[in-house]
Every structure is written in structure tokens, then in C-alpha cells.
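Because the structure is predicted, anything quoted here is derived from the model rather than measured. Nothing fancy with the numbering, it's 1 onward along the sequence.
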Amino acid sequence: MESGDGNWRTQLLSDSRQRIVNKIMETLKRHLPVSGQEGEQELKKIAVRFEEKIYSAATSQQDYLQKISLKMLTMETKSQIPMTNYIQPNPASSGQNALDPGSHSMQSQVNSQAQQLVRIL
């Protein structure tokens, strides 16, 4: 894994970051209905702030892509599953919740999305 000294940031081109922002915007548009130019501009501000926050906090390019992928996947998942599915009816159940961020399924989906973002870059 790359060191946290920031070298990876110099290798990530600004047009690559813009493509990531555009992907974030696409996801936001699907889940936050907006109308008009004003709504579109607000979504863009949200996407840019989100990307900048992740970019600043990430320790490597892989960390950056995984964090963005996890957030986008979480947004997709939350919009597709009714809230009642987030609560396990039996707390003594030994089965792991499919939405548990530590689950293997969630991790493999994040890795898959991160790989898709790498291809975009």
C-alpha cells in the first residue's frame, strides 16, 4: 500500500477527479430528485464537497476509491431496500445482516465498484 505522504495525490489527474465527481452526481441524481438549474448546481456543490472531503482524508488512491465506492454503494442500497429490512427481527440471530459493512458481500461489492472507478481513471 502506498505511504500516506501525499505522493498518490500528485498522480491523480484533475480530470480523473472530475470524472469521479460526475459519477457521484449521477448517483445523487438517481436518489435526490432535483429540478431546474438551481437544483443541479446544488447537487454539483454536494458532489464536489464530498469528493474533496474523501480526497483529503484518504491515505492512498485505493483508499480514496474504496471510500467513495462504499458511500455510493450505501446510497444505492439504502434506496433499494425498505427501512424495515435494516432491522433484524431476532437480535439473537447468528446470521450476519447483508447490509453490515463488515460483511464479505458488502466488501466485495465495494472492491468491484472501486475497480470500475479505476477503469474510469
| Do Asn22 and Gln18 get their side chains close enough for a donor-acceptor pair, meaning under 3.5 Å? |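 Their side chains do contain a donor-acceptor pair, which is all the 3.5 Å distance test asks for.
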Determine the minimum heavy-atom distance between [X] and [Y], stating which atoms define it.
X: Ile24; Y: Ala47; answer: CG2-CB, 3.8 Å
X: Leu12; Y: Tyr55; answer: CD2-CE1, 3.8 Å
X: Met25; Y: Lys44; answer: SD-CA, 3.3 Å

Look up atom [atom1] in [X] and atom [atom2] in [Y], then write down how far apart they are to the nearest 0.5 Å.
X: His31; Y: Met72; atom1: NE2; atom2: CE; answer: 9.5 Å
X: Ser16; Y: Gln61; atom1: OG; atom2: CD; answer: 7.5 Å
X: Arg19; Y: Leu13; atom1: CZ; atom2: CG; answer: 8.0 Å

Considering only heavy atoms from C-beta outward, does the side chain of [X] approach that of [Y] to under 4.5 Å?
X: Thr27; Y: Lys23; result: no
X: Met75; Y: Arg30; result: no
X: Ile68; Y: Phe50; result: yes
X: Gln41; Y: Gln37; result: yes

Practice problem: Answer yes or no: is there a donor N or O on one side and an acceptor on the other, between the side chain of Arg9 and the main chain of Ser56, under 3.5 Å? | Solution: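 Answer holds: yes.
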- Query: So Ile20 and Ile54, side-chain contact (heavy atoms from CB on, under 4.5 Å) or not? Walk me through it.
  - Reply: CA-CA 11 Å; Ile20 297 291; Ile54 298 295; over 6 Å; no
Residues Arg17 and Glu52 bridged, charged N to O under 4.0 Å: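 Result for this pair is no, no salt bridge flagged.
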